[in-house]
Asks: 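Could you have a look at this structure, given as structure tokens, before my questions?
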Amino acid sequence: MQFTEAMFARHMRDINGSAIREIFKLLAKPGMISFAGGNPSMSALEPEVISELSGEVLAKYGATLLQYGATDGFGPFRESAAEFLRGDGVRCEAADILPVQGGSQAFDLLLKALVDPGDVVLCESPTFLGAIQAMREYNARLVDIPTDENGVIVEAAEALIREHRPKLMYVIPTFQNPTGITLALERRKALAALASKYGVVIAEDDPYRDLRYTGEALPPIQSFDEEGWVVYMSSFSKYISPGMRLGAAAVRNPLLLRKMVIGKQSVDVHSPLLNQAIVDAYLRKGLMADHLRRICGDYRVQLNAMLDAFSFFPAGAAHTVPQGGLFVWAELPEGVDAMRVFERAVEQNVAFVPGTHFYPDGGHANTLRLNFSMSDVPTIREGMARLGKVIAETADGRTV
Ligand SMILES: Cc1ncc(COP(=O)(O)O)c(C=O)c1O
């Protein structure tokens, strides 16, 4: 007997894994300049601090951190995470916090709790690849909400809600992945109002919020939500460490929180206690503010270097000017295929993610996402210069 594709569950058959993971395989090539990933810079990670805190929490809590724990989470972490999120304007108490294995898991648990096969989920277009994959795995029908330079267009969202009556809407309001765009204040209020008017849960995915380099912070959508329709999903991946796989969801609807807890029980029982205790100690010692100041200072310089280096791109290319986060989004002149540019760019040792991957229905062949956090300034300039040349040559139909 042979194992065939037909043996897979239907919802896994057409899913081949994130395009980014395929692109990552190419990045191992020596000398490759990568604008492809979305990782924090290596210098943002603090192995000595984490090692010291690990020793401290193990000395304090002993073997209990190595034992099974409650799915709802480690009490002290729920308290400190709630306080941290309140500092960002999120309405929550410790009892509303579910520690999760990264923001990804919070969204997965929401899908698991709410979505039946064929249910419509509204999402931005383009949107986060991991979220597209998760929605597909639950057989959701993805319907895009039109967006502009200020994020989701509220009137369009309302029309789609009336048409499809969805249970769930997925929004990345701050320094969106992949575009870097931030949802305007009035729209945040309006989306919260739509959620309670129509009874739609909004999954507010906000892992980049505190990576702000210019401009004023805006309150989360969740802060305008009186009734508990907005689930706020935060993560320590981009702030402290993606490898520790720790995030916090603030879920003010107790029924929904209970279902998410039940959904988590069967997946991983609970998020690792040791990591919850380490991040709890990190927050209680007040290390976050200085850390964010340092990494935002570095990222600001890298972002500016990338924005300046668009001077290497040919006329007719446009790009976003994000106030934070890890990505810049570019649109090439109409008719220039970013997949073709990608193939040629990889030959020239520079990589990015073609924008088409971020659209649930593909298309938008002339778009691309560029990450700046993994490269220093000279590398950013060199990579953008190479890329600009490849784009110009691809646009002219010349070979490199
Ligand atoms: C918008 C968005 N949401 C969620 C995640 C997942 O992050 P994690 O599961 O590590 O918290 C990412 C990671 O790139 C992201 O860009």
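One is the number of the first residue; the rest follow in order along the sequence. Ligands are counted one by one from 1 in listed order, and the atoms in each one are counted from 1 as well. Values below: every heavy atom of this structure, side chains too, minus hydrogens, waters and symmetry copies. Nothing here was measured: the structure is a model prediction, and the numbers come from that model.
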Asks: If we only consider heavy atoms of Gly247, is any one of them less than 4.0 Å away from an atom in ligand 1?
Replies: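 In this structure, Gly247 fails to qualify as a contact of ligand 1 - no heavy atom is under 4.0 Å.
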Asks: Rounded to the nearest 0.5 Å, how far does CZ of Phe372 lie from CG of Leu326?
Replies: 5.5 Å
Asks: With heavy atoms of Ser237 as the reference, note each atom of ligand 1 found under 4.0 Å away.
Replies: 8 (P), 10 (O), 11 (O)
Asks: Only one of Tyr232, Phe128, Tyr170 forms a ring pair (Phe, Tyr, Trp, His ring centres under 6.0 Å) with Phe107, so which one is it?
Replies: Tyr170
Asks: I'd like to know if the side chain of Gln176 and the backbone of Thr179 have a donor-acceptor N/O pair within less than 3.5 Å.
Replies: yes
Asks: Using a strict 4.0 Å cut-off to heavy atoms of Lys238, name the atoms of ligand 1 that fall inside it.
Replies: 13 (C), 14 (O)
Asks: Is there a donor-acceptor pair closer than 3.5 Å between any side-chain N or O of Tyr239 and the backbone N or O of Asp210?
Replies: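 Yes.
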Asks: Can you check which of Asp205, Asn371, Thr174 brings a heavy atom nearest to atom 2 (C) of ligand 1?
Replies: Asp205
Asks: Enumerate the atoms of ligand 1 whose separation from the nearest heavy atom of Gly102 is less than 4.0 angstrom.
Replies: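 So the answer, numbered in order with elements, is 8 (P), 9 (O), 11 (O).
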Asks: Among side-chain atoms of Arg212 and Gln323, is any donor-acceptor pair under 3.5 angstrom?
Replies: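 Side-chain D/A pair, Arg212 to Gln323: present.
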Asks: Within less than 4.0 angstrom of ligand 1, does Tyr208 place any heavy atom?
Replies: yes
Asks: Does Ser235 reach ligand 1 with a nitrogen or oxygen that is under 3.5 Å from one of the ligand's nitrogen or oxygen atoms?
Replies: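 Yes: some nitrogen or oxygen of Ser235 is under 3.5 Å from one in ligand 1.
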Asks: Heavy-atom distances under 4.0 Å decide this one: backbone, side chain, both or neither, for Arg245 against ligand 1?
Replies: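 Arg245 to ligand 1: side-chain contact only, backbone stays beyond 4.0 Å.
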Asks: For atom 5 (C) of ligand 1, which of the options Phe128, Phe107, Tyr170 provides the nearest non-hydrogen atom?
Replies: Phe128
Asks: Going by heavy-atom distance to atom 7 (O) of ligand 1, choose the closest among Ser104, Pro207, Gly37.
Replies: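 That would be Ser104.
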Asks: State whether the shortest distance between N or O atoms of Gly103 and N or O atoms of ligand 1 falls below 3.5 angstrom.
Replies: yes
Asks: Are there over 12 heavy-atom neighbours, none belonging to Glu343, within less than 6.0 Å of that residue's CD?
Replies: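 Yes, enclosed.
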Asks: Quick one: sort the Phe175 and Tyr213 rings into parallel, tilted or perpendicular, breaks at 30° and 60°.
Replies: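 Because their plane-to-plane angle is under 30°, the rings of Phe175 and Tyr213 count as parallel.
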Asks: Decide whether Glu158 and Tyr198 meet the rule of one side-chain donor and one side-chain acceptor closer than 3.5 Å.
Replies: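 Indeed, the side chains of Glu158 and Tyr198 share at least one donor-acceptor pair under 3.5 Å.
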Asks: Heavy atom of Gln176 under 4.0 Å from ligand 1?
Replies: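 No; Gln176 lies far enough from ligand 1 that no heavy-atom distance drops under 4.0 Å.
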